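The structure presented is a predicted model; accordingly, all values stated were derived computationally and were not measured. In the text below, chain A, chain B and the rest are named by the order of the sequence lines, each starting its count at 1.
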Amino acid sequence: MSDEIRDPQDFIRQMVATDRATGKHDGHIVTRFPPEPNGYLHIGHAKSICLNFGIAHENAGVCHLRLDDTNPSKEDLEYVEAIQQDIHWLGFDWDLLRHASDYFEVFYRGAEKLIRTGNAYVCDLDADSVRDYRGTLTEAGKNSPYRDRNIEDNLDLFRRMRAGEFAEGAKTLRAKIDMASGNINLRDPAIYRIRKVLHQNTGDAWCIYPMYDYAHCVSDALEGITHSLCTLEFEDHRPLYDWFLQQLDLPGDPSLTEPLHEKGQWLPPSTPRQIEFARLNIDYTILSKRKLMALVRDNLVTGWDDPRMPTLCGMRRRGFTPAALRDLIRRIGVTKQNSVIEFGLLESCVRDDLDTHAPRRLAVLNPLKLVLSNWPDQAVEIIQLPNHPKDASCGVRQLAVAQELWIEQEDFSENPPKGFRRLVPGGEVRLRGIGIVRCNALIRDSSGWVTELDCTLDPDTRPGLPGANRKVKGTIHWVSVRHAIEVEIRLYDRLFDIANPDQVDEGKSYRDYLNPDSLQILKAWAEPSLAAAEAEQHYQFERLGYFVADRYEHSAKTPVFNRTLSLRDSWSRRQQG
RNA sequence: UGGGGCGUAGCCAAGUUGGUUAAGGCACCGGAUUUUGAUUCCGGCAUGCGCAGGUUCGAAUCCUGCCGCCCCAGCCA
């Protein structure tokens with residue numbers, strides 16, 4: 001009997017294990033992550049990345065990054081650079097970087113083969129007519145009037161398409177399969193369309209571009225992919241995926257892959273298996289590139305990397321760590337069930353990682369002055385505080401204490417609710433690392449607002465003294481008024497007010513549910529050591545939460561910290577009922 | 001009778017060939033520890049596996065019939 005914690009064994013990993021065990025593909029495993037460079041990667045992509053790279057690594061295999069650039073009218077170089085950076089940040093590296101456009105010549109030869117074998121034809125129907133001929137979900141379609149063109153005409157027409165003789169939309173190359181199929185993807189799907197646009201990789205070399213269904217399976221085969229993982233909506237496409245590969249027979253037809261030899265990109269073609277899994281959904285967020293793009297375009301957020309965005313670069317800037325994201329993906333598993341992960345699970349992963357790795361610091365967000373009346377007027381004492389309560393290897397830091405301190409307004413109450421464990425008039429509380437203080441008097445302004453607490457420090461409770469062990473109901477944080485530095489704090493909350501912004505009442509859109517309080521900027525006082533923080537350094541500000549020095553806008557001169565998330569807070573939850 | 005998927009707790013999710021008390025995590029609820037109302041630790045949390053029948057000594061697992069949810073009619077991916 002073994003009590004070891006088993007590595008995740010989802011249904012895909014089980015299939016892979018079986019294939020390895022039975023010697024399929026000679027026991028080799030090759031996967032790929034194939035983003036289309038038309039937007040930034042988000043947490044949903046992280047699932048695919050972790051799956052593809054993870055499975056490859058667990059099985060001594062390799063994983064390629066393939067930029068799926070078959071539609072030049074939507075894609076951009078900005079995205080391909082961002083994609084690579086995000087994958088690296090997540091902690092993965094590809095064994096091979098390819099573009100679908102590397103294979104354009106092979107796609108073309110394959111298309112001619114489909115024509116020659118009577119499996120494809122040039123169709124003159126315009127887009128609207130194609131739709132009419134396609135039929136509906138419950139009615140069969142009709143054959144295109146161009147379906148029975150002879151092979152010579154088809155070949156000639158297709159070559160002229162490539163030569164640029166026809167206008168955009170005038171003709172398509174279509175697979176000849178079955179217009180009556182219950183699977184609409186098999187009703188003579190388009191293989192090539194005419195697009196007279198510059199391609200970011202191939203320039204003006206082409207004016208015809210292959211469709212996803214054709215390009216994807218062929219790309220997979222050309223790269224020797226063994227397991228082609230994709231999301232559920234492609235389940236219906238699998239018969240087409242298999243059909244193209246069977247008609248083409250890449251492994252058995254070297255003339256097709258010949259162009260790759262001179263480019264140094266030839267690999268033994270495989271017969272990959274497409275396997276579908278459920279995409280990741282998270283409540284209170286949207287993960288549609290189109291909608292994320294709109295938020296950026298319309299300035300509803302500051303950019304793709306706004307810390308409120310579910311993009312990888314946004315989460316990075318928010319202070320979420322790659323390890324936490326990987327842990328989330330590990331925890332949620334892989335199945336074919338549509339599901340919505342609670343945001344709280346992500347938070348749990350982040351707290352888990354940050355609790356063990358983030359050094360502790362003190363900062364006060366909403367200051368209230370506390371004066372130690374029995375502290376010598378100008379005296380300054382240097383105390384030491386551990387950087388981590390449970391990890392001595394994190395070391396200690398020094399902190400100056402003087403007579404005037406800032407504490408959190410919330411940590412004092414004149415009329416405390418039941419169960420309040422902080423400072424009250426006449427009560428005691430421990431100041432972290434200093435000792436126990438008693439509140440003797442309140443100083444008020446003309447409107448009666450408490451502006452200052454007059455306190456005395458019990459000298460017997462200084463750290464290291466036996467009296468320090470005296471129990472007191474609460475411990476609060478502080479900074480020295482004379483020594484604290486001013487910092488900018490950015491507090492983030494969920495971007496949307498409702499759990500499912502993708503599914504809203506009629507006439508409404510996700511935009512109607514943006515949380516107006518998702519960003520709050522304030523000035524705060526922090527311990528001086530934070531001026532030396534490096535950008536992207538994570539901290540726990542004790543009792544407040546986890547913060548990260550902003551990747552771009554933080555500097556020693558103008559420190560900026562983003563709150564990644566708060567600490568778990570059973571007190572405020574109890575207060576709110 | 002268009003095609004393809006999926007139903008195990010509030011949210012995820014193990015459970016594979018039918019075999020003792022239906023893993024685990026998150027959330028939640030108790031309690032212990034605590035110079036962070038944090039962390040950590042301990043305990044609780046499905047007489048039940050979409051529903052209804054059936055087969056069997058025994059069913060989340062097999063059979064039948066229902067019900068519910070998701071995806072597909074781009075010259076997007």
Touch check for A/Val340, heavy atoms < 4.0 angstrom, all strands: base, sugar-phosphate only, or nothing? sugar-phosphate

If you look at every strand shown and take non-hydrogen atoms under 4.0 Å, does A/Pro239 touch a base, only sugar-phosphate, or nothing? nothing

Can we call the ring centroids of A/His237 and A/Tyr241 under 6.0 Å apart? no

For A/Gly433, answer base if it contacts any base atom (sugar-phosphate contacts may also be present), sugar-phosphate if it contacts only those atoms, and nothing otherwise; contact means non-hydrogen atoms under 4.0 Å. base

Using a 4.0 Å heavy-atom cut-off across all strands, classify A/Thr356 as base, sugar-phosphate, or nothing. nothing

Of the nucleotides B/A77, B/U36, B/A73, which one has an atom closest to the side chain of A/His237? B/A77

Classify the nucleic acid contact of A/Phe234 as base, sugar-phosphate or nothing, counting any heavy atom under 4.0 Å across all strands shown. base

Which one is paired to B/G18, where only Watson-Crick or G-U wobble pairs with both distances under 3.5 angstrom count? none

Mate of B/G7 across any strand shown (Watson-Crick or G-U wobble, both atom pairs under 3.5 Å) is B/C67

Just wondering, do A/Thr321 and A/Thr564 contact through their side chains at under 4.5 Å, heavy atoms? no

Is A/Thr335 touching bases, backbone alone, or none of the nucleic acid, heavy atoms closer than 4.0 Å? sugar-phosphate

Does a side-chain N or O from A/Arg573 land closer than 4.0 Å to OP1 or OP2 of B/C28, or not? yes

Quick check on B/G24: syn or anti? Syn means the glycosidic torsion is within 90 degrees of zero. anti

Ring centres under 6.0 angstrom apart (A/His199, A/Phe104): yes

Aromatic plane relationship, A/Tyr539 with A/Phe561 - under 30° parallel, 30 to 60° tilted, over 60° perpendicular: perpendicular

Please determine, by modelled atom types, if A/Asp188 and A/Tyr121 share a side-chain donor-acceptor pair under 3.5 angstrom. yes

Under 3.5 Å, is there a donor on one side chain and an acceptor on the other for A/Gln540 and A/Glu542? no

Are any of A/Arg134's side-chain N or O atoms less than 4.0 Å away from OP1 or OP2 of B/C75? yes

Return the nucleotide paired to B/G2: Watson-Crick means purine N1 to pyrimidine N3 with N6-O4 or O6-N4, wobble means G-U with N1-O2 and O6-N3, both under 3.5 Å. B/C72

Per A/Tyr212 side chain, nearest of listed nucleotides B/A73, B/A77, B/C26: B/A77

Can a side chain N or O of A/Gln14 be found less than 4.0 Å away from OP1 or OP2 on B/G15? yes

Is it true that the side chains of A/Asp69 and A/His99 contain a donor and an acceptor less than 3.5 Å apart? no

Distance-only donor-acceptor test, A/Glu342 side-chain atoms vs B/G10 base atoms, 3.5 Å: yes

Regarding B/G4, can its base be found pairing with the side chain of A/Asn183 as donor and acceptor, where the two atoms are less than 3.5 Å apart? no

Which nucleotide in B/C72, B/C75, B/U35 has an atom nearest any side-chain atom of A/Arg432: B/U35

Heavy-atom check, side chain of A/Arg98 versus side chain of A/Arg32, under 4.5 Å: no

Closest to the A/Ser339 side chain, choosing from B/A13, B/C76, B/G2: B/A13

Nearest to side-chain heavy atoms of A/Leu137, which nucleotide of B/C12, B/C76, B/G2: B/G2

Pick out which of A/Tyr209, A/Tyr214, A/Phe158 makes a ring pair (Phe, Tyr, Trp, His ring centres under 6.0 Å) with A/Tyr108. A/Phe158

B/S/- contact track for nucleotides 37-46 of chain B, protein heavy atom under 4.0 Å: BSBS------

For A/Asn387 and A/Arg361, test the side chains for any donor-to-acceptor distance below 3.5 angstrom and give the result as yes or no. yes

Both distances under 3.5 Å, Watson-Crick or G-U wobble: report the partner of B/G43, or none. B/C29

Over all strands shown, is A/Leu125 touching base, sugar-phosphate only, or nothing at heavy-atom distances under 4.0 angstrom? base

Which nucleotide wins on minimum distance to the side chain of A/Asn71, given the candidates B/C71, B/A13, B/C76? B/C76

Students often get this wrong, so: under 4.0 angstrom with heavy atoms, is A/Asp213 touching a base, only sugar-phosphate, or nothing? nothing

Looking only at B/C11, B/C76, B/G7, the nucleotide nearest the A/Lys74 side chain is B/C76

Please figure out whether A/Ala127 or A/Leu232 has its closest RNA chain B nucleotide nearer the 5' end. A/Leu232

Can you tell me if the side-chain N/O atoms of A/Arg331 get under 4.0 Å from OP1 or OP2 in B/C11? no

Report which part of the nucleic acid A/Glu542 touches: base, sugar-phosphate, or nothing (heavy-atom distance under 4.0 Å, all strands). base

Walking RNA chain B from its 5' end, the first of A/Ile476 and A/Glu235 to be reached, judged by nearest nucleotide, is A/Glu235

Once you round it to whole Å, what is the distance between C1' of B/A77 and CG of A/Asp220? 13 Å

Between atom CD in A/Glu276 and atom C1' in B/A77, what is the gap in whole Å? 15 Å

Identify whether any heavy atom of A/Ser348 sits under 4.0 Å from a base atom; if not, whether one sits that close to sugar-phosphate; answer base, sugar-phosphate or nothing. sugar-phosphate

